[in-house]
Amino acid sequence: MTATPPATAPAPGDGLVRAGAVLFIIGAVATLVTVAPLFLGTEPFPTVAYMVSMLMGVGFMVAAAGVLRSIAAQRRQAGTAR
């Protein structure tokens with residue numbers, strides 16, 4: 001019989017990191033899709049497709065904000081423990 005670890009509450013910033021990862025993946029797929037016509041010699045996609053590929057950078061920034069929020073919460077917690 002194996003013991004299961006107790007469930008812990010999500011730390012501050014975890015939601016932002018997850019949302020940022022999803023946005024980054026969507027942007028990365030959109031980037032691959034918009035670059036494909038250049039190699040295949042087909043007609044390029046409309047401008048909207050290129051705008052969706054910008055979600056990759058937005059996702060990176062959202063995830064970075066989540067990491068910074070988590071760092072700030074850990075510092076506050078360490079400060080109150082002293």
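The first residue in the sequence is number 1, and the count goes up from there. As a basis for the values below, the full set of heavy atoms in this structure was taken, side chains included, without hydrogen atoms, waters or symmetry mates.
Taken together through direct or relayed side-chain contacts under 4.5 Å among Ile, Leu, Val, Met, Phe, Trp and Tyr, V67 and F60 form parts of separate hydrophobic clusters. Under the 4.5 Å side-chain heavy-atom criterion for Ile, Leu, Val, Met, Phe, Trp and Tyr, V62 and I26 are members of the same hydrophobic cluster. Residues V22 and V29 fall into different hydrophobic clusters, defined by Ile, Leu, Val, Met, Phe, Trp and Tyr side chains chained together at heavy-atom separations under 4.5 Å. Residues L16 and L55 are members of one and the same hydrophobic cluster, defined by side-chain heavy-atom contacts under 4.5 angstrom among Ile, Leu, Val, Met, Phe, Trp and Tyr. Linking Ile, Leu, Val, Met, Phe, Trp and Tyr residues whenever their side-chain heavy atoms come within less than 4.5 Å places M56 and M61 in a single cluster.
In this structure, R76 CZ and I71 CD1 are separated by 12.0 Å, a value rounded to the nearest 0.5 Å.
With hydrogens and angles ignored, the 3.5 Å screen pairs a side-chain donor or acceptor of T34 with a backbone N or O of A30.
Across all non-hydrogen atoms, the minimal contact from F45 to Y50 is O-CE1, 3.4 Å.
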